[in-house]
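What follows is a single structure, written as C-alpha cells, with notes after it.
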Amino acid sequence: MAQIEEPTVTLARLLENNIQVVKDDGSLADICVTTEYYNRELLKDVDGQVTVGLDHSDDQKLGFSATLRRRVGYARIKIWVVERTGFAGRQIRNKLREEVNRVVREKRTKPNQTVYNYVNIGAETAGHGAYYTGSSSELAPSSVEWTEFSSADYKKLWQSDENSFSYEQAENGEYSLLLFCIKIESNKEFVKKAVLKFEGYGTAPAGNGVTVKVWNSEGSEWQNTQTGTGDADEDVTISLESSVADYIDSEGYMYLLARTTNPSDGVSPAAIHCDYADCIVTVEGICYVDMVSYRDTDDVRFKPYIWRTEFTVKTWLFEEVTIT
C-alpha cells in the first residue's frame, strides 16, 4: 500500500499545475506556489505567491470497529502580491483569487490526481523528454541510440490534433521506436495508480499496429504490453495499480515505449505516428477538497502595499487502521 502524502503538499501541487493568471499584455503571470510561508525576497522576482498550510484536522471513526477512519482537514491557502511601480498588484491578486476558487471547485473530486503531458515542453525544457530511434530490439531508456525530439517536434505533442510526429525506419528487421520520459513530482512511495496513454498508430509491411510498454525500473525490463491495431490515431493505455513505485526510477521518471508492432522488410519502411502522450498519476491522500470561505487581508499601512487573500478549504482523507 502506498504511503499517505501530506495534504498541504497535494494541494500545493494541484494549484501549481492548474493556476493560470493572464496579465493585461496577454502574458502569463509568474505565480509561485509553496507550502507555508510567505517569502518577501521571492516576491521581488515573481508576480505573486500562493502558500498552503494546515489549520487543523479532525480524526473521525467510521463504524464501531474504528478501523476505517476519515480525516477532515482544514487548510489555509494565502495569496500574496506586492505592489510595484508599473505593476497592477491589486488586479493580479483579484485574478489570482478567482483562479484559486476555480481550481478548487473544478478539481474538488480529484485533488490527488495530476496529469503529466507535453504541453509547453521543448528541447531545452527540464523535466519530460521524448526520443526516437530505429532498432531490431526494444532498447532500454539509458541507451545512447535514442535521439531527442527537436523543439518543432515537441510542439506536435502539445495537443491532440491532426499535427502528429512521424518517424520511419527502412532497415530490414528494424522497428520504429519512440520513448517518453515523464517526470513525476510526487515521491514514488505516495503513488497508488498511474495510467499512461499513447495516442497514435504504426504501419509496416507485415501489418499495421503499435505496441506500447512501460519500463520496470526495479526489474530493468519493459512490461505490461498493450497493443493497437489501427491505421489511424487510437488511444493505447497502460494502467498500473500495484507496485507502482517499481516503475518510477530514483530520479522520479516513468518511461513509456511505443514501437511499430512489425518491422521493416528492407523495402517498405516501418513508420510510427504519435499525436499525444500523457500520464495520469493518483497519489494516496486527500480525495476531496472544497471551498469553505475566504477574505481579503490587505496590508496597506506602509508601502509597498501587500495585497492578500486568505482561503479556508476543507479536505477529506480516508484510511484503514490495522489492529495489532
Side-chain angles (χ1 to χ4, degrees), residues 5-58 71-115 119-120 125-127 185-187 283 285-286 288-317:
E5 184 174 67
E6 171 64 37
T8 55
V9 174
T10 305
L11 284 175
R13 183 175 59 253
L14 176 72
L15 296 169
E16 176 74 26
N17 290 335
N18 290 281
I19 283 176
Q20 287 192 332
V21 175
V22 180
K23 297 193 286 189
D24 287 344
D25 62 3
S27 63
L28 288 177
D30 185 4
I31 306 298
C32 178
V33 182
T34 67
T35 52
E36 291 187 322
Y37 291 93
Y38 159 62
N39 187 329
R40 181 179 288 272
E41 291 301 313
L42 175 67
L43 280 169
K44 293 179 179 179
D45 301 316
V46 300
D47 297 318
Q49 182 184 6
V50 177
T51 62
V52 183
L54 177 66
D55 187 285
H56 70 279
S57 180
D58 298 327
R71 295 189 207 171
V72 180
Y74 293 85
R76 297 183 300 268
I77 299 176
K78 296 181 181 181
I79 293 172
W80 309 81
V81 178
V82 174
E83 190 74 29
R84 300 194 299 265
T85 302
F87 176 75
R90 186 172 186 175
Q91 184 181 55
I92 294 294
R93 187 280 305 274
N94 292 347
K95 290 183 177 181
L96 190 49
R97 181 176 59 201
E98 290 305 307
E99 272 295 280
V100 171
N101 261 306
R102 179 190 67 82
V103 172
V104 170
R105 291 169 178 172
E106 289 183 1
K107 306 296 183 180
R108 63 189 181 278
T109 61
K110 47 186 178 182
N112 57 337
Q113 187 180 98
T114 304
V115 179
V119 176
N120 294 326
T125 307
E185 297 170 353
S186 303
N187 184 312
V283 299
I286 58 173
Y288 185 82
V289 62
D290 205 359
M291 188 66 63
V292 175
S293 63
Y294 66 90
R295 63 192 180 111
D296 290 340
T297 57
D298 305 326
D299 186 351
V300 293
R301 295 170 299 171
F302 307 101
K303 291 187 177 181
Y305 296 159
I306 300 177
W307 305 105
R308 301 185 305 200
T309 298
E310 180 176 335
F311 299 82
T312 298
V313 299
K314 179 170 67 175
T315 63
W316 284 11
L317 185 160

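Below, each value reflects all heavy atoms present in this structure, side chains not excepted, and no hydrogens, waters or symmetry copies.
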Considering all heavy atoms, the nearest Ser57-Arg71 contact: OG-CB, 4.1 Å
For Tyr305 and Val300, work out which heavy atoms get closest and say how close. CE2-O, 3.5 Å
From Arg84 CZ over to Lys44 NZ, what is the distance, rounded to the nearest 0.5 angstrom? 11.0 Å
Spacing of Ile19 atom CD1 and Glu98 atom CD [to the nearest 0.5 Å]: 12.0 Å
Are Thr114 and Arg13 linked by a side-chain donor-acceptor pair shorter than 3.5 Å? yes
Asp296 side chain to Thr309 side chain, donor-acceptor N/O pair below 3.5 angstrom: yes
Residues in salt bridge (Lys or Arg N to Asp or Glu O under 4.0 Å) with Asp25, at least two apart? none
What's the spacing between Trp80 CH2 and Leu96 CG if we round to 0.5 Å? 13.0 Å
Dump the intermediate steps for side chain to side chain contact (heavy atoms under 4.5 Å, CB included) on Phe87 and Val82, then the final yes or no. CA-CA 9 Å; Phe87 176 75; Val82 174; over 6 Å; no
Closer than 4.0 angstrom, basic N to acidic O: yes or no for Arg90 and Asp298? no
Would you check, one step at a time, whether the test side chain to side chain contact (heavy atoms under 4.5 Å, CB included) holds for Val52 with Thr34? CA-CA 6 Å; Val52 183; Thr34 67; over 6 Å; no
Start with the C-alpha distance between Thr312 and Tyr294, add both sets of side-chain angles, then the distance that settles side chain to side chain contact (heavy atoms under 4.5 Å, CB included), and finish with yes or no. CA-CA 6 Å; Thr312 298; Tyr294 66 90; over 6 Å; no
When rounded to the nearest 0.5 Å, the distance separating CD of Glu99 from CD1 of Ile31 is 9.5 Å
Atom of Ile286, atom of Pro7 and distance for their closest heavy-atom approach: CG2-CB, 3.7 Å
Give a yes or no answer on whether the side chain of Arg108 reaches the backbone of Arg105 with a donor-acceptor pair at less than 3.5 Å. yes
Find the distance between CZ (Phe311) and CG (Leu15) and round it off to the nearest 0.5 Å. 9.0 Å
For atom CD of Gln20, decide whether the heavy atoms of other residues, nucleotides or ligands shown that lie under 6.0 angstrom number more than 12. no
What heavy-atom pair brings Asp47 and Ile92 nearest, and what distance separates the two atoms? O-CG2, 4.2 Å
Nearest heavy-atom neighbours spanning Leu54 and His56: CD1-O, 3.6 Å
Would you name the heavy atoms of Glu5 and Ser186 that are closest together and state the gap between them? OE2-OG, 3.6 Å
Main-chain N/O of Val33 paired to Glu16 side chain as donor or acceptor, under 3.5 Å: yes
Apply the test salt bridge (charged side-chain N to carboxylate O under 4.0 Å, His left out) to residues Lys95 and Asp24: give CA-CA distance (whole Å), side-chain angles for both, the deciding distance (0.1 Å), then the verdict. CA-CA 11 Å; Lys95 290 183 177 181; Asp24 287 344; 3.6 Å; yes
Check this for me: Lys23, atom NZ, are more than 12 non-hydrogen atoms of other residues, nucleotides or ligands nearer than 6.0 Å? yes
May I have the step-by-step check of side chain to side chain contact (heavy atoms under 4.5 Å, CB included) for Thr51 and Ile77, ending in yes or no? CA-CA 6 Å; Thr51 62; Ile77 299 176; over 6 Å; no
Quick one: ring-ring contact (aromatic ring centres under 6.0 Å, His included) partners of Tyr288, sequence neighbours excluded? Trp316
Examine distances only and state if a side-chain atom of Arg93 and a backbone atom of Arg308 form a donor-acceptor pair shorter than 3.5 Å. yes
Contacts of type salt bridge (Lys or Arg N to Asp or Glu O under 4.0 Å), residue Asp290, not counting sequence neighbours: none
Can you tell me how far OG1 of Thr297 sits from CG of Asp299, rounded to the nearest 0.5 angstrom? 8.5 Å
